[in-house]
Amino acid sequence: MTTSNTDRLERGKHSFAEVMTFPAPDERSPATANLLEFVFAEVWPRPGLTRRERRFITLACVADADAETPLREHVYAALNSGDLSIVEMREAVLHFAVYAGWPKASRFNMVVDEEWERIHRERGVPVPPPEPLLPLQTPSEPEERLAVGEQTFKDINCLPYAPLRDNPYQGAGILNFVFGEMWLRPGLDMKERRLITVACVAFQDAPYPILSHVYAALKSRDISFDEIDELALHFAAYYGWPKASHLAQVIDEQKLRVTEEWAADAQAAS
């Protein structure tokens with residue numbers, strides 16, 4: 001092994017221990033070596049996103065991959081490091097449930113509970129009682145809630161229209177819950193919810209959602225052009241290069257679209 005590779009491996013081990021909060025593996029298989037030398041030595045320390053922000057992308061990817069050990073390890077690391085609080089982690093599970101599905105989120109939620117208990121067991125302290133769920137800050141009156149959902153849909157998706165309330169999926173699901181409550185919950189900020197959402201639509205390859213959520217993340221300026229490029233790289237490391245290649249293509253297309261719209265807006269305002 002060259003001096004350069006040895007240095008990268010040592011950097012990777014150090015980064016792994018910081019990110020994962022436990023020592024790096026000693027195994028020398030090509031997969032483990034490249035995990036340390038590239039994913040941890042090169043990707044995690046990059047300046048484009050914070051470590052906390054990278055957690056949200058990683059958690060969405062490992063929760064969808066159904067890989068038990070990576071899911072447990074990354075949930076443990078995010079909580080044990082203090083990068084995410086238990087409230088923020090549980091909000092991430094709920095957001096993931098909407099964009100990746102409730103069955104996978106059910107497993108994700110179970111692992112969160114188990115790893116939270118493990119952390120407190122290791123520290124020799126009792127698990128604190130959960131934060132109270134109610135009251136919600138969003139309206140409870142049906143008509144007002146739907147109206148809030150319609151406006152939130154427009155604001156978050158950067159669109160002048162909202163879905164019609166003409167079927168259960170659109171009215172009860174999209175307007176009443178997803179945009180009438182979930183996106184407005186205080187447990188995560190808008191950028192963090194964008195990171196989870198873009199990761200989820202990217203691994204599902206649903207044509208309109210991946211286009212619309214990449215567009216909205218950029219048009220809203222919640223995620224910058226440089227940050228979304230970092231998102232694509234981090235996503236590639238945890239979900240694979242073919243899916244990330246598609247995401248990168250959509251990102252390039254939506255960057256051009258958003259740039260043209262910003263230019264038109266500036267011209268109209270002048």
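Values in this document were obtained by computation on a predicted structure and should not be read as measured data.
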Residue pair Y215, V250: steps toward the side-chain contact (heavy atoms from CB on, under 4.5 Å) verdict: CA-CA 9 Å; Y215 166 79; V250 174; over 6 Å; no
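- Ring orientation note: the planes of Y239 and F235 are close to parallel, at an angle under 30° on the 30°/60° scale.
- Atom CG of L231 and atom CG of L49 lie 6.5 Å apart (nearest 0.5 Å).
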Start with the C-alpha gap between L146 and N176, add the side-chain angles, then the distance that decides, and say whether side-chain contact (heavy atoms from CB on, under 4.5 Å) holds. CA-CA 5 Å; L146 286 169; N176 181 70; 4.1 Å; yes
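- Not counting sequence neighbours, E10 has no partner by the side-chain hydrogen bond (donor to acceptor under 3.5 Å, both in side chains) test.
- Residue T138 comes nearest to G180 through the heavy atom pair CG2-O, 3.2 Å, listed as atom of the first residue, atom of the second, then distance.
- For the atom pair T259 OG1 and Q254 CD, the distance stands at 10.5 Å (nearest 0.5 Å).
- From E150, atom CD reaches atom CD1 of I174 across 12.5 Å, with rounding to the nearest 0.5 Å.
- A pairwise comparison of heavy atoms in E68 and V111 identifies OE2-CG2, 4.3 Å as the closest pair.
- Taking hydrophobic clusters as Ile, Leu, Val, Met, Phe, Trp and Tyr residues chained together by side-chain heavy-atom distances below 4.5 Å, L256 does not share a cluster with W262.
- With sequence neighbours excluded, the residues forming a side-chain hydrogen bond (donor to acceptor under 3.5 Å, both in side chains) with D166 are Q170, listed by chain and number.
- The minimum heavy-atom distance linking L84 with R52 is given by the pair CA-NH1, 4.0 Å.
- Both I86 and V127 are members of a single hydrophobic cluster when ILVMFWY side chains are connected at heavy-atom separations under 4.5 Å.
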Would you mind writing out the side-chain donor-acceptor pairs for residues 73-80 within the sub-3.5 Å range, not counting sequence neighbours?
unit_1	atom_1	unit_2	atom_2	d
Y76	OH	N80	ND2	3.4
Y76	OH	E122	OE1	2.6
N80	OD1	R123	NH2	2.9
N80	ND2	T21	OG1	3.0

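- The shortest distance between side-chain heavy atoms of L9 and K13 falls below 4.5 Å.
- L59 and L35 fall within the same hydrophobic cluster, defined by Ile, Leu, Val, Met, Phe, Trp and Tyr side-chain heavy atoms under 4.5 Å apart, directly or through other members.
- How far CG of D222 is from CD of E192: 11.0 Å, rounded to the nearest 0.5 Å.
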Side chains of residues 202-213: which donor-acceptor partners sit under 3.5 Å, not counting sequence neighbours?
unit_1	atom_1	unit_2	atom_2	d
Q204	NE2	Y99	O	2.3
Q204	NE2	C200	O	3.4
D205	OD1	H246	ND1	3.0
D205	OD2	K243	NZ	2.8
S212	OG	Y208	O	3.1
S212	OG	P209	O	3.2

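- Grouped with L164 in a hydrophobic cluster is no other residue, since no side-chain heavy-atom contact under 4.5 Å to another Ile, Leu, Val, Met, Phe, Trp or Tyr is found.
- We find the SG-CZ distance between C61 and F96 to be 9.0 Å, quoted to the nearest 0.5 Å.
- V19 places none of its side-chain heavy atoms less than 4.5 Å from the side chain of R54.
- Under a 3.5 Å cut-off, the side chain of S15 and the backbone N or O of R11 do not form any donor-acceptor pair.
- The backbone N or O of R28 lies less than 3.5 Å from no partner atom in the side chain of T32, so there is not a single donor-acceptor pair.
- A donor-acceptor pair under 3.5 Å links the side-chain atoms of K104 to the main chain of D64, judged by distance alone.
- At least one donor-acceptor pair closer than 3.5 Å links the side chain of R145 to the backbone N or O of P139.
- Side-chain contact between M20 and F40: present, with at least one pair of heavy atoms (C-beta onward) separated by less than 4.5 Å.
- For the pair F56 and R194, the minimum side-chain heavy-atom distance is 4.5 Å or more.
- Although no hydrogens or angles enter the test, the distance criterion places a donor-acceptor pair under 3.5 Å between the side chain of R51 and the main chain of E18.
- Counting only heavy atoms from C-beta outward, the side chains of T58 and W44 approach each other to under 4.5 Å.
- By the criterion of side-chain heavy atoms lying less than 4.5 angstrom apart, applied directly or through intervening Ile, Leu, Val, Met, Phe, Trp or Tyr residues, I223 is grouped together with F225 in one hydrophobic cluster.
- Scanning both residues, L218 and I251, for their nearest heavy atoms gives CD1-O, 4.4 Å.
- Here the closest heavy-atom approach between residue E227 and residue S224 is recorded as OE1-N, 2.9 Å.
- When all heavy atoms of P25 and L36 are compared, the closest pair comes out as O-CD1, 4.1 Å.
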Side-chain polar contacts of residues 155-163 - donor-acceptor pairs under 3.5 angstrom, sequence neighbours left out - could you list them?
unit_1	atom_1	unit_2	atom_2	d
D155	OD1	Q151	NE2	2.9
N157	ND2	F153	O	3.0

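- In this structure, L247 and V214 have side chains that are in contact, with non-hydrogen atoms separated by less than 4.5 Å.
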Between D226 and R46, does a salt bridge (Lys or Arg N to Asp or Glu O under 4.0 Å) hold up when you go through it step by step? CA-CA 12 Å; D226 289 343; R46 288 174 62 88; over 6 Å; no
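- Two residues are said to be in side-chain contact when any heavy atoms from C-beta on lie closer than 4.5 Å; K219 and R257 fail this criterion.
- At a threshold of 4.5 Å between non-hydrogen side-chain atoms, the residues S220 and M190 do not count as touching.
- Considering T197, V98, L188 in turn, T197 is the only one that fulfils the side chain to side chain contact (heavy atoms under 4.5 Å, CB included) rule with W183.
- With hydrogens and angles left out, the side-chain atoms of E91 and H95 include no donor and acceptor closer than 3.5 Å.
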Stepwise, does the side-chain contact (heavy atoms from CB on, under 4.5 Å) test hold for L94 with R185? CA-CA 10 Å; L94 175 61; R185 290 175 63 87; 3.6 Å; yes
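- In terms of hydrophobic clustering, with Ile, Leu, Val, Met, Phe, Trp and Tyr side chains grouped at heavy-atom distances under 4.5 Å, F179 and L184 are assigned to different clusters.
- Once rounded to the nearest 0.5 Å, the distance linking CD1 of I228 with NZ of K255 reads 8.0 Å.
- The 12-atom threshold is not exceeded at CD of Q137, counting heavy atoms of other residues, nucleotides or ligands nearer than 6.0 Å.
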